[in-house]
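Structure, as structure tokens:
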Number of protein chains: 2
Amino acid sequence: MRIALTINVRMILDNLGRRGYTARMAPKRQDRLAKRITARGRRLTDQRLVVAEALAACREAVSAQELHGRLRRGHPRLALATVYRALEAQVESGMARRLERSGHVSAYVACEPAHHHHLVCTRCQRVSDVDEALLRPLLRRIDDRHGFTVEHERLDFYGLCASCRRRAGDR
Amino acid sequence: MRIALTINVRMILDNLGRRGYTARMAPKRQDRLAKRITARGRRLTDQRLVVAEALAACREAVSAQELHGRLRRGHPRLALATVYRALEAQVESGMARRLERSGHVSAYVACEPAHHHHLVCTRCQRVSDVDEALLRPLLRRIDDRHGFTVEHERLDFYGLCASCRRRAGDR
DNA sequence: CTTTCTGCAAAGTATTTGCATGTTT
DNA sequence: AAACATGCAAATACTTTGCAGAAAG
């Protein structure tokens, strides 16, 4: 960032906006993103915000390469390596999750803080979150049945989302 | 296979044993593996059997590279590409599953035919299967709550297995 | 005999890293 | 000013493929 010597997050964000650095997101949401980026002592940079915004804007999972491809148009100097690093940082701070994909490529999806499990529509490719409350009973049953204490889990469900199902004549 | 012109699975398997091609597995189990390998019209080869045995023998997830590393000692001519192809074939016939791993490497674990979800111990790295019956209620709740019809899912639970938990002083 | 598989080597991709330089705190 | 992040290019994986010869059905 060249112009501002920065005073606070809001100022930075305003600057990004003025300089054409993606600022399509509602300011409030942008603030929230920025806070989450900086949460673990990480620094707020143009690049990280842009990547985080772009990922959050995606309804489906994307790979680092795809994201870079989409962003390079608006941000020709954004390096692929930076996208990788930014996504990895997001995963570490719980803002995103990594999914496996067919061709051995990993893909990322943005997470809501408490939502870490996904419903992936095999028709429209859209990803939505599973209501976490539904899982609690399962975790308890796993403990009862297997004596296994779940610390974290990775759940991805693939199938027909509500709207595709409707469109498909309710199956 | 050079010696036998092949008459039946059992003969082939015996040959493998005689020629030093890994045959540590109980014959019955080997038969079962062989049947699953050939299930979809695929052919039974030394390599596929060796890879399948090795994977089945692993209590934890391994990558294609690791497996190749372990096997090359006993089978110096086994090509890495063959291991990849063999594992992929196993995944396709439902004998194995692919898991994601930290370093963007995919790892594989052997599956029991009907068990496709895993409990991965974060301490001893051992993998066991989740009792599928526990999942049914969850799938129903997902449909109720989200209108999403699950076709298939990928569930990996990470945490403390029963024996590590015991050893760790019952948590 | 036909079809499928293997090994090898050669691509192709994907991902990570070193380092000089630029930015955020 | 100190700590950290970026870009670039180079180095590393990791995975897939083409092809000729070998093996299975």
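Reminder, nothing fancy here: chain letters follow the sequence lines and each chain counts from 1.
- Note: CZ (R85(A)) to P (dT24(C)) measures 16 Å, nearest angstrom.
- As rounded to whole Å, 19 Å separates atom P of dA11(D) from atom OH of Y84(A).
- Among the nucleotides dC8(C), dT6(D), dG7(D), the one closest to the side chain of T45(A) is dT6(D).
- Judged purely by atom type and a 3.5 angstrom limit, E66(B) uses its side chain to pair as donor or acceptor with the backbone of S63(B).
- Out of dG7(C), dG7(D), dG25(D), the shortest distance to the side chain of L44(B) is found at dG25(D).
- Here dT13(C) presents its P atom at 16 Å from NE2 of H68(A), a figure rounded to the nearest Å.
- Between the side chains of T149(B) and R165(A), at least one donor-acceptor pair of N or O atoms lies under 3.5 Å.
- One atom, CG of D46(B), and another, C1' of dA24(D), lie 10 Å apart when rounded to the nearest Å.
- Toward the 5' end of DNA chain C, the nearer of the two residues A81(B) and R43(A), judged by each one's closest nucleotide, is A81(B).
- With 3.5 Å as the limit, one finds no donor-acceptor pair spanning the side chains of Q47(A) and H75(A).
- When each of R42(A) and R48(B) is assigned the nucleotide of DNA chain C bearing its nearest heavy atom, the one mapping closer to the 5' terminus is R48(B).
- The interatomic distance linking L49(A) (CG) with dT23(C) (C1') rounds to 15 Å, in whole Å.
- The CD-P distance, from Q47(B) to dC8(C), rounds to 11 Å in whole Å.
- In this structure, R40(A) atom CZ and dC4(D) atom P are separated by 15 Å, rounded to whole Å.
- The two residues E153(A) and L135(A) have their closest heavy-atom pair at OE2-CD1, 4.5 Å.
- A straight line from CG of L80(B) to P of dC14(D) spans 10 Å, rounded to a whole angstrom.
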